[in-house]
Amino acid sequence: MVLELEKRLSDRLRAVLKNRFELDIGSIPLETPPDLGLGEIATPIAFELARKLRKAPKIIAQEIVAALLADLGLLPGFAKFEVAGAGYINAYLDRAEAVQLVVPAEGRLPSAQGHVLVEHTSINPNKAAHIGHLRNAILGDTFVRLLRAAGYKVDVQNYIDNTGVQVADVVVGFLHLEKKTVAEVHALVTELASNGQLIDYYCWDLYARTSQWYGEGTDEEKTARKQLRLDTLHLIERGGNDTAEIADLISTAVLRRHLETMLRLGIEYDFLPRESEILHLKFWEAAFEKLKQSGVLYFEDEGKNKGCWVMNRPGAETKENETDDDAKVIVRSNGTVTYVGKDIAYHLWKFGLLGKDFGYKRFFTYPDHECWISAESGEPSHPHFGGATAIYNVIDARQSDPQANVIQALRGMGYTDQADHYTHFSYEMVALTPRCAVELGYEISEVDKQKSYIEVSGRKGFGVKADDLIDKLIAATRAEVDSRQTSHDAAVRQKIAEQIAIGALRYFMLKVTRNSVIAFDFKDALSFEGETGPYIQYAVVRIRNIFRKGNTTPDAVLADFAGLPAASLGAYLAGEANQDIWSLWLRAGRRSQVIEQCIATSEPAYLAKHAFQLAQEFANFYHRHHILTEVDPARKTFLLSTAAIALRELVGSLALLDIESPEAM
RNA sequence: GGGCGAGUAGCUCAAUCGGAUAGAGCACCGGCCUUCUAAGCCGGGGGUUGUGGGUUCGAUUCCCGCCUCGCCUACCA
């Protein structure tokens with residue numbers, strides 16, 4: 001509703017400025033006044049025009065308002081306009097008309113065009129997922145839901161680096177610390193699965209042990225171990241040997257665990273491109289030719305990068321006949337390609353610019369769709385991925401440099417449109433508070449104790465595993481549900497506890513904007529009061545109880561609502577006494593506006609905030625108006641309608657955050 | 001050294017393109033359950049927005065200097 005009315009207003013303002021002042025203003029700045037006494041929509045446009053027109057802003061505002069009022073019929077939904085302060089123009093909505101716009105639909109946007117590819121999660125398949133990975137996946141998954149709500153066709157990808165050093169490190173652990181053969185590793189994977197034990201947990205410890213082992217022993221031993229690590233990496237990259245087989249076995253088993261963990265949070269994927277295929281299907285070779293042809297890569301024959309193929313960094317000033325030692329190495333002097341090089345090839349594929357494709361195999365089945373994985377020679381019949389018009393990479397802020405290099409390469413090759421539609425959806429890490437680290441039994445240094453947070457480290461095995469956190473949250477909510485829901489049986493209580501726990505976790509990760517570090521603490525994460533998922537879910541449960549006790553349904557109530565005359569609607573929404581009700585309707589009418597804002601800024605936190613504020617306004621309404629004891633039947637219908645719309649908007653907003661709305665709590 | 005980000009209430013965070021009186025939650029203090037669920041509501045104290053300048057009708061927001069913190073900056077992936 002608000003989005004629609006804002007569009008009407010800015011169109012009308014543009015027309016007024018054109019007719020009256022012969023001005024063509026591209027976009028009219030609109031904002032929300034600080035309180036409802038000053039209207040619902042405001043514009044400070046008169047301030048901007050003051051200098052251009054050589055007039056006081058107040059005079060300009062008065063002229064604009066006079067023009068708007070003269071043709072008020074051209075602006076359905078608006079009641080009046082006023083000049084306030086030094087020159088603000090405040091618009092007051094026709095409240096009865098506005099709520100009638102909210103009832104039929106909210107959350108719809110003019111359908112967006114385009115095929116979008118979102119990549120998220122992308123955990124190295126060598127250990128269990130931890131809280132940092134949860135932030136990534138939850139952010140990505142929520143953004144996918146927002147894009148789909150706006151009408152985009154979206155494919156969800158989870159990139160799997162199954163041939164990297166991290167996988168190599170656990171393979172070194174299996175081969176040289178545990179001295180296992182391929183057959184023994186195979187047996188271990190089977191045995192763990194049959195005992196209900198988790199391979200990713202097993203690898204979590206082994207990876208930490210191996211990392212520690214590299215740094216132990218004499219200098220000679222250290223050098224030898226380092227070499228062992230490199231040799232193992234190369235064997236895995238090459239493929240077709242026992243070492244690579246172990247890597248494949250482990251990374252596939254761990255990957256499956258990651259998909260299971262994420263599914264607990266309702267997160268699903270469409271395609272899992274793997275680095276092994278990027279290597280074996282020679283994506284890089286194809287990209288290398290294009291990069292050389294376009295001049296993005298050049299051979300350095302001087303300076304510290306002598307013998308390498310390099311590219312200039314974004315913003316680098318290139319001087320004639322001078323070696324740029326700051327250039328990014330893409331092909332090393334020994335002929336091997338760096339990570340960024342492979343990433344450029346992969347991103348050319350994402351935009352359909354590489355001239356090559358993966359093979360595809362089925363990998364994981366969700367209730368309503370299949371998740372595919374890359375393969376050298378796949379199934380004959382398969383969907384096609386890649387060839388997107390816009391991409392979003394949910395990757396933490398520490399990788400902004402390599403991401404910028406990939407974008408720079410695309411731009412350098414002349415793919416400016418693609419570069420413009422390449423979004424590094426960056427976010428800050430999840431760290432632990434020192435208190436939390438101590439609670440988990442880690443020994444931390446005096447220096448770390450003074451910090452407000454400590455970075456988690458898979459290498460050190462330092463962190464909170466995702467499944468452990470989810471289990472802990474469910475246990476905590478289950479205890480609470482058991483004490484409240486004595487009439488429900490255990491299965492129902494468990495279901496409710498899971499919905500609340502997952503809701504709390506997702507909200508916890510989403511309420512903070514992307515670029516702030518989350519200092520994780522069990523105290524905050526296990527809190528279900530105040531600005532949390534459960535607070536919002538609680539509002540939903542209360543509304544459902546009203547309908548249950550009132551023996552009616554939202555649909556029935558809204559059908560009656562249609563029969564209410566506009567005049568009585570206006571009366572129910574007018575004045576100071578009803579301001580909380582109007583405020584709730586107004587908030588309910590903002591979903592489309594919020595979705596649009598989230599997409600424009602790549603920031604799901606605005607939707608989380610919106611859902612919370614809506615719940616808060618409902619809680620306020622709930623305490624001030626006792627609905628079921630209202631004696632005037634028409635007003636009772638109106639109050640019930642207010643609850644019905646609040647319910648619809650709360651459930652709808654939560655669904656976009658993939659937070660379920662329990663029946664009881 | 002260079003690049004990026006951050007510094008806002010005791011703590012954790014918001015604040016739309018530069019807009020009106022800088023807002024929430026937690027914590028603390030005081031009230032509210034025979035009423036549609038108290039995972040709730042109401043009230044209270046709490047701020048020189050790191051610091052010094054500048055730009056202008058207007059700065060938490062933009063520019064410059066300084067201070068503090070984090071991350072990135074390898075022929076690692």
Side-chain angles (χ1 to χ4, degrees), chain A residues 27 29-35 38 42-44 47-48 50-51 56-57 84-88 90 124 161 163-168 229-230 233 275 304-310 313-315 326 328-334 336 338-340 342-343 396-402 404 426 428-429 431 433 451-453 455 477 480-481 484-485 500 504 511-513 515-519 521 523-524 527-532 534-535 537-539 541-550 593 597 600-601 603 605-606 609 612-613 616 619-620 622-629 643 664-665:
Chain A
S27 72
L30 294 180
E31 55 196 49
T32 306
D35 71 86
L38 295 168
T43 177
F47 296 112
E48 274 178 39
R51 193 183 299 153
Y88 282 96
N90 291 333
N124 277 301
D161 186 4
T163 56
V165 272
Q166 293 214 23
V167 167
R229 185 190 197 196
L230 263 179
L233 176 63
E275 189 178 64
K304 80 175 178 85
N305 296 331
K306 187 176 175 179
C308 299
W309 287 88
V310 301
R313 288 173 192 274
D326 196 38
K328 181 75 193 168
V329 172
I330 302 298
V331 181
R332 304 182 188 98
S333 56
N334 67 6
T336 57
T338 61
Y339 171 75
V340 172
K342 283 180 271 188
D343 221 20
D396 79 81
R398 286 169 291 192
Q399 294 201 49
S400 63
D401 198 54
S426 87
E428 273 294 345
M429 61 184 171
T433 62
K451 294 182 177 169
S452 57
Y453 57 82
E455 190 177 350
T477 47
E480 195 70 22
V481 170
R484 292 160 187 261
Q485 303 297 329
I500 296 171
K511 72 173 172 180
V512 179
T513 49
N515 63 0
S516 91
V517 176
I518 293 179
D521 198 312
K523 184 178 137 288
D524 297 331
S527 148
F528 310 128
E529 289 168 15
E531 194 185 349
T532 64
Y535 174 93
Q537 291 172 317
Y538 190 63
V541 168
R542 282 175 144 180
I543 301 175
R544 288 194 174 140
N545 281 337
I546 294 170
F547 285 97
R548 195 172 298 132
K549 293 240 169 143
Q593 185 192 29
Q597 187 193 11
T601 55
E603 184 54 88
Y606 296 125
K609 185 69 84 183
F612 173 66
Q613 287 173 330
Q616 221 174 16
N620 185 274
Y622 179 89
H623 283 275
R624 287 185 52 170
H625 310 277
H626 202 271
I627 299 171
L628 294 179
T629 52
M665 63 188 282

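Every chain is numbered from 1, with letters handed out A, B, ... down the list of sequences.
- Residue A/Ser426 is out of contact with every strand shown, counting any heavy-atom pair closer than 4.0 Å.
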Readout for nucleotides 67-72 of chain B: B = base within 4.0 Å of protein heavy atom, S = sugar-phosphate only, - = neither; 5' to 3' it is ---SSS
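- Looking at heavy-atom distances under 4.0 Å, A/Pro34 makes contact with a base.
- Across all strands, A/Lys328 comes closer than 4.0 Å to no nucleic acid atom at all (heavy-atom distances).
- Judged by distance alone, with hydrogens and angles left aside, A/Thr338 brings no side-chain donor or acceptor close enough to the base of B/C75 to form a pair under 3.5 Å.
- Counting non-hydrogen atoms under 4.0 angstrom, A/Asp521 reaches nothing in the nucleic acid.
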For A/Arg542 and A/Asn545: C-alpha separation, side-chain torsions, deciding distance, then whether side-chain hydrogen bond (donor to acceptor under 3.5 Å, both in side chains) applies.
CA-CA 5 Å; A/Arg542 282 175 144 180; A/Asn545 281 337; over 6 Å; no
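- Among the heavy atoms of the strands lying under 4.0 Å from A/Asn90 is at least one base atom, whether or not backbone atoms are also near.
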Only Watson-Crick and G-U wobble pairs with both distances less than 3.5 Å should count. Give RNA chain B in dot-bracket notation, marking inter-strand partners with |.
(((((((..((((.....[...)))).(((((.......))))).....(((((..]....))))))))))))....
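- Looking at heavy-atom distances under 4.0 Å, A/Lys304 makes contact with a base.
- At the heavy-atom level, A/Ala600 lies nowhere under 4.0 Å from the strands shown.
- Distance noted for atom C1' between B/C11 and B/A27: 7 Å (whole Å).
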How does protein contact run along nucleotides 35-44 of chain B, one letter per nucleotide 5' to 3', with B for base contact, S for sugar-phosphate only, - for none, heavy atoms under 4.0 Å?
SBBSBSSS--
